[in-house]
Amino acid sequence: QVQLVESGGGLVQAGGSLRLSCVASGRTFSSYAMGWFRQAPGKEREFVATIRWSGGSTRYADSVKGRFTISRDNARNTVYLQMNSLKPEDTAVYYCAAARGSYVYTVAQDFGSWGQGTQVTVSS
């Protein structure tokens, strides 16, 4: 298990950008696949993006493809989510998650460690 702490959320106008960061504790960060999920009020948590332990493979939800970019810096134990061209429908609490293993994971049940979440609000 790793401990995860997200930051970077806030209020932004539609069309703007934000970069979320997630710092992991522990010395085995590089052995985890990392993901971002989000949950809007009254809705279920949904997959946003994921990145393999090596950073070589990524996958995105169709709703964010071409606008969001996930990346990681294993030397800093940090994963990022760059969000561009934000829309009001991107408003949600964004969660960072870690999955032990060498695959690309997109299902929440595959992730064993979760951060506390950071609020992203996009105004129209």
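Considering Val107, Thr106, Val79 as possible partners of Thr50, the one that fulfils the side-chain contact (heavy atoms from CB on, under 4.5 Å) test is Thr106.
The two residues Gln119 and Thr91 make their nearest non-hydrogen contact at NE2-CG2, 4.0 Å. Closest of all the heavy-atom pairs between Thr28 and Ser31 is O-OG, 2.6 Å. Smallest separation of non-hydrogen atoms from Thr78 and Ser21: CG2-CB, 4.4 Å. Here the shortest heavy-atom pairing between Ser113 and Gln1 reads OG-OE1, 2.6 Å. Closest approach of Gly115 and Glu6 over heavy atoms only: CA-OE2, 3.3 Å. Shown here for Pro88 and Ser124, the closest heavy-atom pair between the two residues is CG-CB, 3.9 Å.
The distance from the OH atom of Tyr80 to the CG atom of Asp73 is 5.0 Å, given to the nearest 0.5 Å. Within the model, atoms CD of Gln3 and OG of Ser25 stand 5.0 Å from one another, a figure rounded to the nearest 0.5 Å. Between the SG atom of Cys22 and the CG atom of Asn77 there is a distance of 10.0 Å, given to the nearest 0.5 Å. Atoms NZ and CZ, on Lys65 and Arg59 in that order, are 9.0 Å from each other to the nearest 0.5 Å.
By the 4.5 Å heavy-atom criterion applied to side chains, Val120 and Leu20 are counted as neighbours. Side-chain atoms of Arg67 and Met83, non-hydrogen and from C-beta on, never get closer than 4.5 Å to each other.
Heavy atoms of other residues, nucleotides or ligands lying less than 6.0 angstrom from CD of Gln39 number more than 12. Residue Arg100 qualifies as enclosed at atom CZ: its count of foreign heavy atoms under 6.0 Å is above 12. Around NZ of Lys43, the count of heavy atoms belonging to other residues, nucleotides or ligands within 6.0 Å does not exceed 12.
Judged as a side chain to side chain contact (heavy atoms under 4.5 Å, CB included), and not counting sequence neighbours, the contacts of Trp114 are Phe37, Arg45, Tyr95, Ala97, Ala108, Phe111.
Salt-bridge formation is not detected for the pair Lys87/Asp90: no Lys NZ or Arg NE/NH1/NH2 atom is positioned less than 4.0 Å from an Asp or Glu carboxylate oxygen.
Arg72 forms a cation-pi arrangement with Phe29, by the criterion of a distance under 6.0 Å to the ring centre and an angle within 45° of the ring axis.
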Legend entry - Residue pair Tyr32, Ile51: steps toward the side-chain contact (heavy atoms from CB on, under 4.5 Å) verdict: CA-CA 9 Å; Tyr32 287 83; Ile51 187 167; over 6 Å; no
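Ile70 and Phe47 are assigned to two separate hydrophobic clusters, defined by single-linkage of ILVMFWY side chains at heavy-atom distances under 4.5 Å. Trp36 and Val104 are members of different hydrophobic clusters when ILVMFWY side chains are connected at heavy-atom separations under 4.5 Å. Taken together through direct or relayed side-chain contacts under 4.5 Å among Ile, Leu, Val, Met, Phe, Trp and Tyr, Tyr94 and Val122 form part of one hydrophobic cluster. Leu81 and Leu18 end up in the same hydrophobic cluster when Ile, Leu, Val, Met, Phe, Trp and Tyr side chains are linked at under 4.5 Å.
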